[in-house]
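Throughout, protein chains are lettered first and strands after them, A, B, ... in sequence-line order, and every chain is numbered starting at 1.
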Number of protein chains: 2
Amino acid sequence: MPVSGEIDHEGPDPVYVQLAAILRARIGSGELPHGRALPSRERLAAEFGVSRGTCEKALAILREEGLVKTSFGRGVYVTKRP
Amino acid sequence: MPVSGEIDHEGPDPVYVQLAAILRARIGSGELPHGRALPSRERLAAEFGVSRGTCEKALAILREEGLVKTSFGRGVYVTKRP
DNA sequence: GCCCATTTGTACGTATGTATG
DNA sequence: GCATACATACGTACAAATGGG
């Protein structure tokens with residue numbers, strides 16, 4: 001799974017998988033450090049040119065992996081330490 | 001159209017027709033009473049082992065029959081009185 | 001305490017691409 | 001070729017929680 005930082009809408013990998021990989025890489029690199037809030041669905045959707053539902057799916061993957069934790073009405077926070 | 005409560009992926013009837021029949025029976029029997037919200041597409045898909053699109057097709061049939069009514073963004077409700 | 005914007009979660013409707021028989 | 005079925009993706013809509021003013 002290449003992580004170019006750009007979404008390839010034509011490629012073989014689903015967009016939500018690509019987006020999860022990008023965010024996972026940003027967490028792994030420390031660009032999104034422990035405790036930091038991720039951009040909202042709205043912002044992610046705008047930044048990557050995808051829909052909010054797709055961002056939702058990508059974040060669901062990271063949540064399952066234990067990399068982030070969501071706080072209803074507040075945001076999504078990085079739980080993974082570098 | 002037999003209504004066993006189970007989907008037969010091998011049988012002659014399309015899955016979406018079978019699913020519509022099952023839900024129609026549940027409405028007719030009062031198991032899904034007037035005003036009750038049906039499970040979401042996601043839940044129906046999980047319960048019956050089919051895709052969301054197939055659930056969509058099944059519900060479209062019931063909608064056309066006037067058995068249920070959709071409230072966009074909220075759910076599908078039984079309109080048929082027993 | 002109340003309004004209001006933001007954010008999350010969930011659900012619906014639709015469209016498209018792919019695979020299968 | 002066509003109908004069926006699934007997965008993906010987008011857009012829209014509503015409810016609930018949070019936090020600031």
Side-chain angles (χ1 to χ4, degrees), chain A residues 1-2 4 6-24 26-27 32 35-79, chain B residues 1-2 6-24 26-27 32 35-80:
Chain A
M1 162 67 55
S4 67
E6 284 287 325
I7 299 290
D8 177 12
H9 283 261
E10 310 307 320
D13 296 311
V15 174
Y16 70 91
V17 172
Q18 293 182 54
L19 179 53
I22 292 172
L23 296 176
R24 191 184 301 114
R26 290 188 180 177
I27 292 172
L32 287 171
R36 168 75 55 82
L38 272 66
S40 71
R41 312 289 196 275
E42 213 70 61
R43 292 184 186 282
L44 285 175
E47 176 180 349
F48 291 99
V50 301
S51 75
R52 232 199 63 171
T54 300
C55 299
E56 190 66 50
K57 272 195 162 185
L59 291 178
I61 293 177
L62 302 183
R63 204 180 313 145
E64 241 180 90
E65 292 173 352
L67 299 182
V68 301
K69 192 170 178 302
T70 69
S71 182
F72 200 152
R74 292 206 301 142
V76 181
Y77 297 87
V78 178
T79 51
Chain B
M1 160 70 53
E6 284 287 325
I7 299 290
D8 177 12
H9 283 262
E10 310 306 321
D13 297 310
V15 174
Y16 69 90
V17 173
Q18 292 182 54
L19 179 52
I22 292 172
L23 296 175
R24 191 185 301 112
R26 291 189 181 179
I27 292 173
L32 287 171
R36 168 76 55 81
L38 271 65
S40 71
R41 311 287 196 275
E42 214 69 61
R43 291 185 187 283
L44 287 175
E47 176 180 349
F48 292 99
V50 300
S51 75
R52 227 200 66 171
T54 300
C55 298
E56 190 65 51
K57 273 194 164 184
L59 291 179
I61 294 176
L62 302 183
R63 203 181 312 144
E64 242 181 87
E65 293 173 352
L67 299 183
V68 300
K69 191 169 177 303
T70 290
S71 181
F72 204 149
R74 292 205 303 137
V76 179
Y77 297 86
V78 178
T79 51
K80 175 75 171 182

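- For A:Arg74, the side chain to side chain donor-acceptor pair (under 3.5 Å) partners two or more places apart in sequence, or in a different chain, are A:Ser71.
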Determine, step by step, whether A:Arg43 and A:Leu38 satisfy the side-chain contact (heavy atoms from CB on, under 4.5 Å) criterion, reporting the C-alpha distance in whole Å, the side-chain angles of both residues, the deciding distance to 0.1 Å, and the verdict. CA-CA 9 Å; A:Arg43 292 184 186 282; A:Leu38 272 66; over 6 Å; no
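- At distances below 3.5 Å, not a single donor-acceptor pair connects side-chain atoms of A:Glu56 with backbone N or O atoms of A:Arg41.
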Verdict with supporting geometry, B:Tyr16 and B:Ile61, side-chain contact (heavy atoms from CB on, under 4.5 Å): CA-CA 9 Å; B:Tyr16 69 90; B:Ile61 294 176; 3.8 Å; yes
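- For the pair B:His9 and A:Gly49, both in contact range of DNA chain D, the more 5′-proximal nearest nucleotide belongs to B:His9.
- Scanning residues 54-66 of chain B for heavy-atom distances under 4.0 Å to DNA chain C yields B:Glu56, B:Arg63.
- Atom CZ of B:Arg63 has more than 12 heavy atoms from other residues, nucleotides or ligands within 6.0 Å.
- By the side-chain contact (heavy atoms from CB on, under 4.5 Å) test, A:Phe72 is found to be paired with no residue, residues two or more places apart in sequence or in another chain being considered.
- In this structure, the separation between CG on A:Leu62 and OG1 on A:Thr70 is 11.5 Å, given to the nearest 0.5 Å.
- For the segment residues 36-46 of chain A, the set of residues with a heavy atom within less than 4.0 Å of an atom of DNA chain C comprises A:Ser40, A:Arg41, in numerical order.
- Going from atom CG of B:Leu59 over to atom CD of B:Glu64 covers 12.5 Å, rounded to the nearest 0.5 Å.
- Here B:Glu42 pairs with B:Ser40, B:Arg52 under the side-chain contact (heavy atoms from CB on, under 4.5 Å) rule; sequence neighbours left out.
- Scanning DNA chain D 5' to 3' for nucleotides with an atom closer than 4.0 angstrom to a non-hydrogen atom of chain A gives a first and last hit of D:dT8 to D:dG19.
- For B:Glu47, the side chain to side chain donor-acceptor pair (under 3.5 Å) test picks out B:Arg26, with sequence neighbours left out.
- Of the residues near DNA chain D, B:Tyr16 and A:Ser51, the one whose nearest nucleotide (by heavy atom distance) lies more toward the 5' end is B:Tyr16.
- Between A:Val68 and A:Ile27, some side-chain heavy-atom pair lies under the 4.5 Å cut-off.
- Under the salt bridge (charged side-chain N to carboxylate O under 4.0 Å, His left out) criterion, A:Glu6 pairs with no residue, sequence neighbours left out.
- With sequence neighbours excluded, the residues that form a side-chain contact (heavy atoms from CB on, under 4.5 Å) with A:Thr79 are A:Lys69.
- For the segment residues 69-77 of chain B, the set of residues with a heavy atom within less than 4.0 Å of an atom of DNA chain D comprises B:Phe72, B:Gly73, B:Arg74, in numerical order.
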Produce a footprint string for nucleotides 15-21 of chain C: one letter per nucleotide, 5' end first; B if the base is under 4.0 Å from any protein heavy atom, S if only the sugar-phosphate is, - if neither. -------
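- Considering CD1 of A:Ile7 and CD of A:Gln18, their distance stands at 5.0 Å, rounded to 0.5 Å.
- Taking B:Ser51 as the reference, B:Thr54 meet the side-chain contact (heavy atoms from CB on, under 4.5 Å) condition, with sequence neighbours excluded.
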